[in-house]
Q: 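One structure follows; several queries about it will come next.
Residue numbers start at 1 and run along the sequence shown. Computed from a prediction, not measured in an experiment: that's the story for all the values here.
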Amino acid sequence: MRRSRTPLTLLAMSVVALSILSPSATPVAAHIPLFVGGIPAKWHPSDLPLTYVIQSDGSDDLSFEAVVSAIREAFTEWSSIDDTTFSFIEDTTSDPSSRELDDSTHIVLFDEDGSSGWLSPNIIAVTPLLAQTSGRIIDADIIVNGRDHTFTTVSGQPGYDLQSIITHEAGHVLGLDHCATIAGTLFPFSTEQTTHVRSLTSDEKVGVRQLYPAGAAFGRIIGNVRRAVDDTAVRGGSVVALDDDGVVVTTGYTDANGNFDLQAVPVDVYHVYVQPLLGPVTADSLSLDPIDTDFATTFFGGNDSPDSVALAAGQITNLDIIEVADGTLQLDAAGPTPRIAPRGSSASLFIGGSGLTGVNETITVTGTGVTTPLTPTFTGTFYSIPISISPTAALGPRSVRISNDSGATALLTGLIEVVDPPPVITSFTPSVADSTGGTELTIFGTGFQSGSKVYVGPVRASDVVVISPNELRCQTPPGYGLVPIQVEGPNSQVAVATSKLRIGYVPNITAVYPNAGSAAGGTPITIAGSGFEEELTLEFNGAAITPEAVEFDAIHITTPPATAGAISIAVTNSTGFTDFAADAFHYVDHDDPTVASVSPAEGTSNGGTLIQVLGSGFRPAVTVRFAVSPDGSEGVIAQSIQRRSETWIEVVAPSLPVGLHNMVVENDDGSKACVLDAYTATPPIASSRSRDGGGVCGAVLPVGRPPTSGEMWGARLPWMVLLALLALSVLYEMRTDRRSRQLAGVTSRK
């Protein structure tokens, strides 16, 4: 049976291009969905939660740890929206090294050389989507332009804030288009060092709830926009709902018939207006088509006295028809864009557009709490507008509105976002933290709020507790090195400490090998443990010693001369962390033992080989061990140990695994001699018997004394007889072979 296939449409969305309106602004990509042939694009419920993979090549600008942290935080922001069925989850089972964009794995990757084919210099990041004509999204990936742009995770550093860029692109992955709200995360422009779009506005949250509803009781506003002159539908008009405080709550667009449908709207009282997309957001930034711009911005109920729209839970409020006239007044440029407006502060705006005269024009900010002068300065092209934000002004994006005496009006939707004052870090303690994490960090400053995040380096700290607006505490994550401390408020205002936290290893001494040596010095010893840094300080009884080599788990030194007795060892890393081992090494009043030879140096792994150990300094109570680890621990004691003299020990090898083994000779006072790879345990020889074969005769020497001459001859005689027989056999074969070759030569000449 032949199966029918649903046609696919490729959507390349979220192109962040340089803005031609403001040299400081660069496009990225309202809660409007992406459209496929007029149908909203979204994921099927069976695809949720939606997985993503962080490509392992990372970024040329950042550590992979920083990349992973920023990406995870961005996706978590979308997953934290309540009253929706949508969420992201990281896929840790797929191959992270893959760079394939044409499969069902949703990859976040950096293109550092343009090999993806999606980049141009004015693109910061792009999200290609593959969707069916039914609107079902099949695949989506995020490509970050590392070839033409730099990225950072620390506020105030040069480059684009990676978390902000990924938060924006993740919105496209779930099916949202660009928004007309200038302060919104999905506004199609960004600037370097911008962090406030790490957090989502109400507009993005409403959009997710609209695409992926969870059954919560919200309201709905519907209506139609038509021209008053000929009753034709306005297509692609931007519809904006402001709450009673003048905050932009949600936006939408009219369809080809002029209809709009604002869904999942929180219960509140609203004012609704429609405006043409003449800038800074234009048709080029949206998947919507067609878009009309030949009409005037109009409030529902009229520009002079807009009607209120009260919305109840589960209610559909029909505004019927909003009639719009032709218009020439338009605001389409501003700087800086967007403007973050902390409560209790003042700032200046510069706005421009078309149809501005500077005569009888009034500029206001929607809602209350943000004041503007009655007569702003007009330069002939732009207005210069000082604004003052009340300490109690409602939080969220506000629109800037201009009106003239003929009743015309125009708005820059969400041009400013009223936020709480940014946090300030004045100090923190301690100044160093353990590399394994878990150090309690106390940060002092101002403006700390419930819901604040703390980043230690690129990684988010855990267990953040706001004690007061001036103090918070958290647990540091694992890390290493000098790292910045950042506190991020609920509206993504970020404070960076002027000094950095030093994260280092805590040294831990577990063993000293050998733990005794000659008072004359010169004993090579290894201090075993963990967390040793190259720039450390080593002390013997308080006197500094210079190590010969430092590894993470071992310090190698040669002891200096000292008086016989026990001494303590202290190791201090550059971070200031110290470990102290009392009585860790003992100086003795005689020379260290030495090993000159081990004979034989091999034997079968089942043990029993008699070994002669020659050297010096062997004391009466001496121990010999095999298979000793490099730090001198563990090992297998020899089966029998006989000290013949200070220079001669006889031992019987124990059963050992096949292979090379270290050997240690240890005196009763702890002084040792170690021989690396001193003895080889060979596979055991399997004995066999047959009817036709002869036997192998051998002798076992008694253990504990040298053999007598008679025993030596008794042991050697069978081997001498066997060698004699072999020699006679070889002579016979050689003679027979020569005779055969002579005969063969005669035959060949015949």
Side-chain angles (χ1 to χ4, degrees), residues 5-6 8 10-14 34 41-82 84-113 115-118 125-132 135-146 151 153 162-163 165-176 198 200 208 211-212 214 436-437 453 455 457-462 477-479:
R5 301 187 65 180
T6 305
L8 299 179
L10 180 65
L11 301 176
M13 306 308 300
S14 182
L34 296 165
K42 61 181 180 179
W43 295 91
H44 191 272
S46 62
D47 297 323
L48 304 181
L50 191 64
T51 60
Y52 66 92
V53 177
I54 302 174
Q55 210 280 333
S56 58
D57 291 343
S59 166
D60 288 351
D61 303 327
L62 301 166
S63 68
F64 188 66
E65 181 184 42
V67 168
V68 168
S69 178
I71 292 174
R72 287 175 177 168
E73 289 292 321
F75 281 104
T76 298
E77 182 68 18
W78 290 98
S79 299
S80 301
I81 301 173
D82 55 9
T84 176
T85 60
F86 187 91
S87 63
F88 286 106
I89 186 171
E90 186 175 358
D91 177 4
T92 57
T93 62
S94 296
D95 178 11
S97 66
S98 172
R99 299 184 70 88
E100 293 296 325
L101 301 176
D102 56 355
D103 56 19
S104 60
T105 303
H106 318 308
I107 302 176
V108 183
L109 62 82
F110 288 78
D111 185 350
E112 303 288 352
D113 56 11
S115 58
S116 71
W118 285 97
V126 61
T127 299
L129 276 85
L130 186 66
Q132 295 176 340
R136 179 175 179 176
I137 302 175
I138 300 301
D139 189 28
D141 302 290
I142 295 175
I143 306 167
V144 183
N145 185 356
F151 297 89
T153 59
L162 179 61
Q163 185 175 329
I165 298 301
I166 300 299
T167 304
H168 175 103
E169 298 302 325
H172 296 315
V173 171
L174 62 82
L176 296 181
R198 290 180 179 181
L200 305 176
V208 178
L211 282 177
Y212 307 95
T436 61
K453 302 174 184 176
Y455 293 91
V459 182
R460 186 171 169 180
S462 62

Q: So which heavy atom on G117 is nearest to which on D111, and how close?
A: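 Distance-wise, the nearest heavy atoms are N-OD2, 4.3 Å.
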
Q: Taking the inter-plane angle between the rings of Y212 and F86 on a 0 to 90° scale, is it parallel (under 30°), tilted (30 to 60°) or perpendicular (over 60°)?
A: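 If you compare the ring of Y212 with that of F86, the planes turn out tilted.
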
Q: Ion pair present between R72 and E90, side-chain N to carboxylate O less than 4.0 angstrom?
A: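 Looking at E90 together with R72, the answer is yes, because their closest N to O distance falls below 4.0 Å.
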
Q: For a 4.5 angstrom cut-off between non-hydrogen side-chain atoms, does L211 reach L176?
A: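 L211 reaches L176 side chain to side chain.
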
Q: Checking D141 side chain against I107 main chain: does a donor-acceptor pair fall under 3.5 Å?
A: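 Yes, because the side chain of D141 sits within donor-acceptor range (under 3.5 Å) of the backbone of I107.
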
Q: For a quick test of reading the model, state the closest non-hydrogen atom pair linking E169 to V126 and the distance between them.
A: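 Heavy atoms only, the tightest pair is OE1-C, 3.8 Å.
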
Q: How many angstroms lie between CG in L129 and NE2 in H106, if you round to the nearest 0.5 Å?
A: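 One finds 10.0 Å between CG of L129 and NE2 of H106.
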
Q: With a 4.5 Å limit on heavy-atom distance, are the side chains of V67 and V108 in contact?
A: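 With C-beta onward as the side chain, the pair stays apart.
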
Q: Is L101 close to L109 at the side-chain level, that is, under 4.5 Å between some pair of heavy atoms?
A: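 Side-chain contact under 4.5 Å: yes.
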
Q: Got a second to check how far S56's OG is from D95's CG, nearest 0.5 Å?
A: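 Going from the OG atom of S56 to the CG atom of D95 covers 7.0 Å.
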
Q: Between T51 (side chain only) and D91 (backbone N and O only), is there a donor and an acceptor less than 3.5 Å apart?
A: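 No: the side chain of T51 does not pair with the backbone of D91.
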
Q: How many angstroms lie between atom OH of Y52 and atom CD1 of I71, to the nearest 0.5 angstrom?
A: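 Reported to 0.5 Å precision, the distance equals 8.0 Å.
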
Q: Any idea which heavy atoms bring I137 and D47 closest together, and the distance?
A: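 Closest approach of I137 to D47: O-OD2, 4.2 Å.
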
Q: Please check this pair: side chain of R198 against backbone of L162, looking for a donor-acceptor N/O pair closer than 3.5 Å.
A: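 Side chain of R198 to backbone of L162: no pair is present.
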
Q: If you round to the nearest 0.5 Å, how far is CG of L130 from CG of D139?
A: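 It comes to 6.0 Å.
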
Q: So do the side chains of P128 and I143 get within less than 4.5 Å of each other, counting heavy atoms only?
A: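 Result yes, sub-4.5 Å side-chain heavy-atom pair found.
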
Q: Could you pull out the closest heavy-atom pair between G58 and E112, with the gap in Å?
A: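 Nearest pair, atom of G58 first, then E112: O-OE2, 4.1 Å.
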
Q: Considering non-hydrogen atoms only, spot the tightest contact between I81 and T84 and give its length.
A: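 For I81 versus T84, the nearest heavy atoms are O-CG2, 3.3 Å.
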
Q: Yes or no on side chain to side chain contact (heavy atoms under 4.5 Å, CB included) for T105 and E100, after CA distance, side-chain angles and deciding distance?
A: CA-CA 8 Å; T105 303; E100 293 296 325; over 6 Å; no

Q: Quick one: pull up OG1 in T76 and CD1 in I89 and give me the separation to the nearest 0.5 Å.
A: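 That separation rounds to 10.5 Å.
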
Q: Report the C-alpha distance between I166 and V144 in whole Å, list the side-chain angles of each, state the deciding distance to 0.1 Å, and finish with yes or no for side chain to side chain contact (heavy atoms under 4.5 Å, CB included).
A: CA-CA 8 Å; I166 300 299; V144 183; 3.8 Å; yes

Q: Could you tell me which non-hydrogen atom of P96 sits nearest to which non-hydrogen atom of I54, and how far apart they are?
A: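 Result for this residue pair: CB-O, 3.8 Å.
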
Q: Do E73 side-chain atoms and Q163 backbone N/O form a donor-acceptor pair below 3.5 Å?
A: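 Not at all, since once roles are kept as given, no pair shorter than 3.5 Å links the two residues.
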
Q: Taking T127 for its side chain and V173 for its backbone only, find out whether a donor-acceptor pair lies under 3.5 Å.
A: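 No, because the side chain of T127 does not come within donor-acceptor range (under 3.5 Å) of the backbone of V173.
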
Q: Answer whether the closest heavy-atom distance between the side chains of D61 and F110 falls below 4.5 Å.
A: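 The answer is no, as the side chains (C-beta and beyond) never meet within the 4.5 Å cut-off.
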
Q: Of W78, W43, F75, which is the lone residue that meets ring pair (Phe, Tyr, Trp, His ring centres under 6.0 Å) with F88?
A: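 Among W78, W43, F75, the one that satisfies the ring pair (Phe, Tyr, Trp, His ring centres under 6.0 Å) with F88 is F75.
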
